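We name chains A, B, ... by the order of the sequence lines, and we start the count at 1 in each one. Owing to the predicted nature of the structure, the values given are computational and were not obtained by experimental measurement.
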Amino acid sequence: MHNLKIIRKDFESFKKSLKKRLLDIDFNELLDLDEKNRNFIQKKETLEKEKKDISKSKDKALFAKSKEISSAIEKISKEQKIIKTNLDNILSNIPNIPHSDVPDGKNENDNIEINKSGQIPKFDFTPKSHYELGENLGMLDFDLATKTTGSRFVFVKNKLALLERALSNFMLDIHVLKNGYEEISPPLLASANTMFGTGQLPKFENDQFEVKLEDGTDRKFLIPTAEVILTNIVKDKILDIKFLPARFVASTPCFRKEAGSYGKDTKGMIRQHQFYKVEMVSIVEQEKCMDELERMTNCATGILELLELPYRKMILCSGDMGFSSEKTYDIEVWLPSENKYREISSCSSCSTFQAVRMKTRYKNQKKETLFAGTLNGSGLAIGRTLIAIMENYQQKDGSITVPKVLRPYMNNLEKISVN
RNA sequence: GGAGAGAUGGCUGAGCGGUUGAAAGCACCGGUCUUGAAAACCGGCAAAGGGGCAACUCUUUCCUGGGUUCGAAUCCCAGUCUCUCCGCCA
């Protein structure tokens, strides 16, 4: 969420900076409401002052007047509240401003490749897709999931389930032991307010699974990513600067409706309603966001390098970035069956955008109270890493070689095969 | 599901109708002392919003929303959350 105070100061450049996002926002209404709001506040404060003085004086002759003022205040407050609600509605639906590094563009076709890494494997046979491999092995079962649950779910079985679990442990170990993240095992449900904090609500309610607990209680949602719950650890806090940078990592299931992606990636487990993901979150001093983004992205690519999977790093263009992000790198892994790179991680700096929503602040050396910077990144999406390993490490006979770094996590298993 | 207790500043915790934005302690910052540090002592230290070029100033905020009152952190009502005990389940 944006700070109106700052917007007011230089409205034209605010407008201009959001142009890259290609959205139509009614800026005039925003400005108009802001002005009205401030007028009401001023009127209200004048009356409040008058009332306060009367009650301080304890002059009985003025008591009747004080009552009159009260009803006048009430009237103005009501009007002011309506204006403020409208103002907040508009404001909470405006995305973050793209950083100056971010290239202009409409959609994913305008994203720019930063670099490539790793060797694309050469096969002396036609490589199979992960779902063919998985079904042949009897270790991926989509039909069974359809029976028990519905579409876009999968049963992962046997050695592939072990591989999935190994990936989670392996990634967590690296992030905790080498990269300095604190491991968290968080709740998988988040309150509406928490979802607002990271920007999933109000605009993207359609993508979320809502869970009904008891009537009359706060609304709850299954987390679409651990980012939501990890970032909100610092909600409503004024942090001690010694606490920064704070780095959290969690491996959790994620739940997404994938509304609007009907017909996209319907085969296989690329796009599921439920998937595991290892998520990194950093809370930093606001001017350190860019450095932290590079660091975090390196943590993500580091995993791919250890797994010896070929990937490329992309910087997302303004039109393809997420709502809360100011700058995003996508890491894409090579998938032989598709003969192209697919997203396996997304690392974003959200500048102070989420902190303003969450009311997360810290005091700097000058004792100024400032909003914190927040970042999040996948390190990595487990389901897609599983796919990438299956496809890149597949053998002619349909077996899959286990990457060396994972073997200690899999009882030294070297090959996943039918037998 | 049954019975109680509570929600106050970065934290702990007083206040229970009238300069209370709120005692005290801790933490933090500055200073004195010290070769340096610790201790001790002195001083400072809430946030949000409005107005002003600024110094500054005004308003709001003691869980949330209503109510009583000239006046509420303090009284009344509703809600949310937390804790304790009993029951039930993991």
If I pick the [atom1] atom on [M] and the same atom on [N], what distance separates them, to the nearest angstrom?
{"N": "B/rC29", "M": "B/rC86", "atom1": "P", "value": "45 Å"}
{"N": "B/rA5", "M": "B/rC75", "atom1": "P", "value": "14 Å"}
{"N": "B/rG21", "M": "B/rU32", "atom1": "C1'", "value": "30 Å"}
{"N": "B/rA27", "M": "B/rC11", "atom1": "C1'", "value": "7 Å"}
{"N": "B/rU68", "M": "B/rC53", "atom1": "C1'", "value": "46 Å"}
{"N": "B/rG15", "M": "B/rU20", "atom1": "C1'", "value": "9 Å"}
{"N": "B/rG9", "M": "B/rC45", "atom1": "C1'", "value": "11 Å"}
{"N": "B/rG25", "M": "B/rG36", "atom1": "P", "value": "28 Å"}

Nearest-angstrom distance from the residue atom CG of A/D240 to C1' of B/rG10: 8 Å

From CG of A/L239 over to C1' of B/rA27, roughly how many Å is that when rounded to an integer? 15 Å

Protein-proximity profile, nucleotides 60-77 of chain B, B/S/- by nucleotide at the 4.0 Å heavy-atom cutoff, equals S-----S---BS------

Summarise how protein sits on nucleotides 46-57 of chain B as a single string, 5' to 3': B when a protein heavy atom is under 4.0 Å from the base, S for sugar-phosphate-only contact, - for no contact. SSSBBS------

Among residues at least two apart in sequence or on other chains, which ones pass side-chain hydrogen bond (donor to acceptor under 3.5 Å, both in side chains) with [X]?
{"X": "A/E338", "value": "A/R342"}
{"X": "A/S348", "value": "A/T328"}
{"X": "A/K75", "value": "none"}

ring-ring contact (aromatic ring centres under 6.0 Å, His included) pairs, two or more places apart, involving residues 232-259 of chain A: none

With A/D110, which residues qualify under side chain to side chain contact (heavy atoms under 4.5 Å, CB included), at least two apart? A/K106, A/N107, A/C317

Which residues satisfy the side chain to side chain contact (heavy atoms under 4.5 Å, CB included) test with A/K5, sequence neighbours excluded? A/N3, A/R8

Is the NZ or CZ atom of A/R384 positioned over A/F275's six-membered ring, under 6.0 angstrom from the centre and within 45° of the axis? no

For A/D88, check salt bridge (Lys or Arg N to Asp or Glu O under 4.0 Å) against everything at least two apart and list the hits. A/K84

What residues, two or more places apart in sequence or in another chain, satisfy salt bridge (Lys or Arg N to Asp or Glu O under 4.0 Å) together with A/D104? A/K20

Dot-bracket, RNA chain B: Watson-Crick or G-U, under 3.5 angstrom, [ ] crossing, | other strand? ((((((((.[[[..)..(.....]]].(((((.......))))).((((((....)))))).[[[[[..)....]]]]])))))))....

With no hydrogens and no angle check, is any side-chain donor or acceptor of A/S77 less than 3.5 Å from a backbone partner on A/I73? yes

Quick test of your reading: applying salt bridge (charged side-chain N to carboxylate O under 4.0 Å, His left out), list the pairs with at least one residue in residues 137-157 of chain A, sequence neighbours left out, ordered by first then second residue. A/D141-A/K157

